[in-house]
Amino acid sequence: MRRTRRIRAIVAVSATMVLAAGMAVAISTSANAATTLGAAAAQSGRYFGAATNSFMLNRQPHATVLNREFNSIVAENEMKWYHTEPNQNQFNFTAGDQLIAHARARGMTVRGHTLVWHAQQPAWAENMSGTALRNAMINHINRVAGHWRGQIHSWDVVNEAFADGGSGARRDSNLQRTGNDWIEVAFRTARAADPGAKLCYNDYNTDGINAKSTAIYNMVRDFKARGVPIDCVGLQSHLGTTLDPTYQQNIQRFADLGVDVQITELDIQQGANQANMYGQVTRACLAVARCTGITVWGVLDPDSWRTGANPLLFDGNGNKKPAYDAVLNALNAGGNNPPPPTTAPPPVTTPPPSGGGCSASVSLNSWNGGFVATVRVTAGSSAINGWRVRLTVPSGATVTGSWNANRSGNTGAVDWTNVDYNGRVAAGQSTEFGFQATGNGSIPTPSCTAS
Ligand code: 9MR
């Protein structure tokens, strides 16, 4: 009995192998077939990425597979709050810098994960509440998104802020208790800190039309209506053994709101349906023009956070699994629905002053009751070693937090001076600082004095 079963199993396996070999031949003879996931996704202007960690970049066979197959990476853990700001106002960008350097050297794009999240906060932030936490959050976003400004394709600005189950409510957390507007403040702050990055809201158990994804849908619709800057929704897609029949429909409804959709943390329980489901997810993304890319949450099965589930595309030896073939075939078959071209926000240009000294300009990102100000300090025809900007905060407005500058007060005429790392500005070059305030109004052109 046992033996019969094993023989049957062997027959089934070899039949699959013959079939797979046949498909491989069919694909390789097709003129357009790409042979890696990244190249196959790029045929339709999409990316195919993987989560990794700096300490794995030279580990084999991970490194070979990562570098060969993917054209995007995301830090599995090393850009999270606990990692980037282990002590308040003390930043650690080493691992993230390594990941970005690795990606840029190979023409890969980088997803940023994640600026604010209720989990994996440093202990100092976990113990904070109220205004102190709100300001710490704003400062964190400014410093982290500011550090990697221009180098992150998309940021998961806020991660997992909605509760599971049918309530459609926000998840209770220290951040949520700072006020319901914490998510929009995070997005506005991120936009000011890195205007070129796409700003995403990212969550799990949103892989179909359900109460949680609908609550997020309503938030995105509201943000779009009120001009809160949001560009994309991340569907994590940590999946079991069946795919929600409304998976594609759900992607489509978000896209119809005018945001991109990204599959951000895909992994699927190993089993009879794994390869099929990987193919289904890939085809669903390709079918929606605004579904712009897929990221798998790891490269090799043994490195997955889902111990024993073997939910990825490669085994521990770096061998391609049937799930890999399913994805590659789907990408090669369905690359004719390109995402719309990205419209990058216009660059901020300030003409340098003709003489020496410096000039300052300010741009505001306002909403009802508050704003984020970005102040650009530009050196004149010679380099400066320090600067002081005098800026008048609108009457009734109060500065609640600032970054990249010291300040003399929080209302009325405020003097802002450089911090140690941004005082020296080369001739004609600029640096920026910023602040968040409650209140409304406009700010007259600030004055700048070089030192
Ligand atoms: O894969 C990550 C694992 O190594 C960490 O221990 C864990 C900590 O919470 O986070 C995992 O990644 C999560 C991601 O950041 C957000 N979505 C869920 C992912 C799996 O838990």
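Please read all numbers here as calculations on a predicted model, not as lab measurements. Note: hydrogens, waters and symmetry copies are ignored here, and every other heavy atom, side chains too, is used. In each ligand, atom 1 is the first atom listed, and ligand 1 is the first ligand listed.
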Cationic tip of Lys212 above Tyr204 ring, under 6.0 Å, 45° of axis: yes
Partner set under salt bridge (charged side-chain N to carboxylate O under 4.0 Å, His left out) for Asp207, not counting sequence neighbours: none
Which N/O atoms of ligand 1 sit under 3.5 Å from a protein N/O, and at what distances?
from, atom 1, to, atom 2, distance (Å)
ligand 1, 1 (O), Glu76, OE2, 2.5
ligand 1, 1 (O), Trp297, NE1, 2.9
ligand 1, 4 (O), Glu76, OE2, 3.4
ligand 1, 4 (O), Asn77, ND2, 3.0
ligand 1, 10 (O), Lys80, NZ, 3.1
ligand 1, 12 (O), Trp297, NE1, 3.3
ligand 1, 15 (O), Lys80, NZ, 2.7
ligand 1, 15 (O), His113, NE2, 2.7
ligand 1, 17 (N), Glu160, OE2, 2.8
ligand 1, 17 (N), Gln236, OE1, 3.0
ligand 1, 17 (N), Gln236, NE2, 3.4
ligand 1, 17 (N), Glu265, OE1, 2.7
ligand 1, 17 (N), Glu265, OE2, 3.3

Rounded distance (nearest 0.5 Å) linking atom CG of Asn273 with atom CD of Gln270: 12.0 Å
Trp305 vs His238, ring pair (Phe, Tyr, Trp, His ring centres under 6.0 Å): CA-CA, chis, key distance, verdict: CA-CA 11 Å; Trp305 70 292; His238 294 293; 5.0 Å; yes
Distance-only donor-acceptor check, side chains Glu78 and His83, under 3.5 Å: no
Option among Trp124, Phe91, Trp117 that satisfies the ring-ring contact (aromatic ring centres under 6.0 Å, His included) test with Trp81: Trp124
